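Below is one structure, written out as structure tokens, with a few remarks after it.
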Amino acid sequence: MLDIKLIRKNPEFVKERLSKRDPVYGKMIDEILDVDEERRSLIRELEDLKAEKNRLSKQIGQLFREGKKEEAEKVKEQVHGKNKKIEILEKELKSVEERFESLLLTIPNIPHETVPVGKDEEDNVEIRKWGEPRQFDFEPLPHWEIGEKLGILDFERGAKLSGSRFTVMYREAARLERALINFMLDVHAKEHGYTEVWTPVLVKPEILTGTGQLPKFEEDLYRVCDEDLYLLPTAEVSLTNLHAGEILSEEKLPIYYTAYTPCFRREAGSHGKDVRGILRQHQFDKVELVKIVKPEESYNELENLVKEAEKILQLLEIPYRVVELCTGDLGFSAAKTYDIEVWIPSQNRYREISSCSNTEDFQARRAKIRYRDKDGKIHFVHTLNGSGLAVGRTLLAIMENYQKADGSFDIPDVLKDYM
RNA sequence: GGAGAGGUGGCCGAGUGGUCGAAGGCGGCUCCCUGCUAAGGAGUUGAGCGGGUUUUCCCCGCUCCGAGGGUUCGAAUCCCUCCCUCUCCGCCA
């Protein structure tokens, strides 16, 4: 959520920045300014009335104590009149505030000034590469062929149980999935100073509003019928919201959390994309990294966050590159995002395996996460999140990059103790 | 799921219709005292929003005692609904 005071004070700046995502946001800013004006004038009117009413009510109490019943009754009549007006104005204000809220909640974050301007994925900027894609002396197979031949990935039965984009894994694949989770958690907890967390995977709607998935992206989520709960699309949601509504003391910051959770996404709008294999599933495992930090530290923390996620691929010895997302490809809540893309031999290109973002105070404002500084002043924190990493995609990257001519694949050395 | 108890500020905890944004304590901050430390004394200390001034400081007002409704001139306090926590029972991995 953007700061309405910033929008009010500097609408041209906000419009200019948001237009780099998409030109439509200019109109939304104009609209919200109108609604804000309406809202504030109603508040002013209403507060004056309430102040007067409160004065009169106190008078009534006073008059009763002095035994002046008749006078008190007269004042009561006056209050009745005020109350009628207040009731009407309150209804009006309520509907204006609803409009105001829903507008403010659907405006995306302002891209950081360093974010490259661009339209879509094509305009993302490569920052660095690590490792050399392996030269195969045979035609490398896609992971689904390797997996089916070995009998460890079962797409048919996944579909039987749950439909498309669900998979069953057996033996080495199931085991590797579990090994990767433990390996990633250990690296982040033991080497990078993260606190390991385990969270619910069913969360309330206000929690998803806090991190920005709701109200705008309801169609991407699974909702539990008969209960007002949603399946977690990423542990970013539960980890970031752990401190929703709290005022943290400065000494607690920075906070680093890591968690493994399954993630559930409906993938509405991605029909026909990546239909084969386990790249894009409705249910997948992810180890997530979340940082809650002081504003002045957040960009430095973002750089570290990316490096911490990269470390996993380095230890697994799989080639990857880091790209910076352009304004047009930036997610709703993010001010700046780096994606880590892993090398996929069968596709002869890099594919996203991690997304690391600084949302600045965008989520903190929604979730009301603040801290008190040494002078007792209260500020919003900055929140960051990143995949560290997507486990299923890591698994398929291992299968493909470590595949052998005989149709089997090796396990990276660093995982051997985990298998 | 059933019965009972309860949800108040950073924390603990009092408050059953007006003088309550809320006693008292702890913690925090400021000052005093004291070679240092500890102890002691005095004061101060909630958030959000709107407005005035508009960098800061400050001033005025509104709202907030789990959430939402209701009664009343007036609600932390009375009534209703919901959520959550605890105890006991039931069920259960």
Side-chain angles (χ1 to χ4, degrees), chain A residues 1-10 13 32-101 103-105 198-210 224 226-230 238 241-253 255 262 292 295 361 364-381:
Chain A
M1 187 161 68
L2 298 183
D3 184 1
I4 185 61
K5 286 178 190 153
L6 173 71
I7 299 176
R8 219 184 272 155
K9 210 167 170 179
N10 213 337
F13 164 79
I32 198 158
L33 283 170
D34 286 346
V35 178
D36 180 51
E37 191 49 54
E38 199 182 342
R39 171 182 153 263
R40 282 189 298 153
S41 93
L42 277 170
I43 288 173
R44 254 171 280 160
E45 206 179 332
L46 200 55
E47 285 187 351
D48 286 347
L49 275 168
K50 283 184 177 172
E52 183 59 18
K53 169 194 163 166
N54 289 344
R55 262 196 296 281
L56 293 173
S57 285
K58 275 187 188 154
Q59 246 181 57
I60 292 170
Q62 188 63 31
L63 288 170
F64 269 118
R65 257 170 278 140
E66 289 167 7
K68 298 174 181 168
K69 277 199 173 168
E70 276 170 39
E71 275 181 62
E73 289 302 327
K74 268 187 218 161
V75 182
K76 272 194 194 180
E77 284 308 307
Q78 287 184 54
V79 178
H80 273 300
K82 303 266 177 225
N83 274 344
K84 271 180 202 150
K85 277 189 209 158
I86 288 172
E87 200 182 333
I88 293 165
L89 284 178
E90 272 186 338
K91 259 186 205 154
E92 225 174 298
L93 179 63
K94 198 179 168 190
S95 85
V96 171
E97 293 226 288
E98 272 167 20
R99 212 144 51 88
F100 177 75
E101 277 284 297
L103 268 169
L104 202 55
L105 286 174
W198 185 92
T199 79
V201 296
L202 285 171
V203 292
K204 298 176 187 175
E206 61 263 34
I207 297 307
L208 288 152
T209 304
V224 176
D226 300 330
E227 295 237 28
D228 212 4
L229 291 172
Y230 294 80
S238 49
N241 279 289
L242 283 175
H243 297 291
E246 295 182 15
I247 300 174
L248 303 159
S249 61
E250 190 172 358
E251 308 88 75
K252 280 200 171 171
L253 302 177
I255 293 171
I292 299 174
D361 64 5
R365 234 171 245 292
R366 292 176 159 244
K368 298 189 180 61
I369 311 170
R370 293 169 291 176
Y371 78 99
R372 196 185 299 275
D373 70 19
K374 290 190 185 78
D375 300 325
K377 290 223 171 72
I378 290 169
H379 312 273
F380 285 109
V381 299

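Since the model is a prediction, treat every value here as computed from it, not as a measurement. Sequence lines set the chain letters: A, B, ... in the order given, protein chains first and strands last, and positions in each chain run from 1. Any value given below was found using the heavy atoms of this structure, including those in side chains, with hydrogens, waters and symmetry copies removed.
Side-chain proximity of Ile378(A) to the nucleotides U63(B), C73(B), G48(B) is greatest for G48(B).
In this structure, Lys377(A) places its NZ atom 15 Å from P of U55(B), rounding to the nearest Å. A straight line from NZ of Lys76(A) to C1' of U71(B) spans 13 Å, rounded to a whole angstrom. Computed from coordinates, the Glu52(A) CD to C73(B) C1' distance equals 13 Å when rounded to whole Å. Atom-to-atom, NZ of Lys5(A) to C1' of G50(B) comes out at 10 Å; the value is rounded to the nearest Å.
Here the straight-line distance linking atom CD1 of Ile88(A) with atom CG of Leu93(A) works out to 13.5 Å at 0.5 Å rounding.
For the pair Asn54(A) and G18(B), the criterion of a side-chain N or O lying under 4.0 Å from OP1 or OP2 is not met. Under 4.0 angstrom from either OP1 or OP2 of C29(B) there lies no side-chain N or O belonging to Arg372(A). Within the 4.0 Å cut-off from OP1 or OP2 of G50(B), at least one side-chain nitrogen or oxygen of Arg39(A) is found. Residue Arg40(A) places no side-chain N or O under 4.0 Å from the OP1 or OP2 atom of G50(B). Regarding contacts with the backbone of C73(B), every side-chain N or O of Asn83(A) stays at 4.0 angstrom or more from both OP1 and OP2.
Among the atoms of the strands shown, base atoms are found under 4.0 Å from some heavy atom of Ile60(A). Among the heavy atoms of the strands lying under 4.0 Å from Lys53(A) are primed sugar atoms or P, OP1, OP2 only; no base atom is included.
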message: Assess the residue pair Glu47(A) and Arg44(A) against the criterion (salt bridge (Lys or Arg N to Asp or Glu O under 4.0 Å)); give the C-alpha distance rounded to whole Å, side-chain angles, the decisive distance to 0.1 Å, and a yes or no.
response: CA-CA 5 Å; Glu47(A) 285 187 351; Arg44(A) 254 171 280 160; over 6 Å; no
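Here the side chain of Arg39(A) pairs no donor or acceptor atom with the backbone of Val96(A) at under 3.5 angstrom.
Take the nearest nucleotide of RNA chain B for Gly61(A) and for Ile43(A): the residue whose nucleotide is more 5' is Gly61(A). Map Asp48(A) and Arg370(A) each onto its nearest nucleotide of RNA chain B; the residue landing nearer the 5' end is Arg370(A).
Between Lys377(A) and Asp373(A), no side-chain nitrogen of the basic residue sits less than 4.0 Å from a carboxylate oxygen of the acidic one, so the salt-bridge criterion is not met. Checked for salt-bridge contact, Lys84(A) and Glu87(A) miss the test: no charged N lies under 4.0 Å from a carboxylate O.
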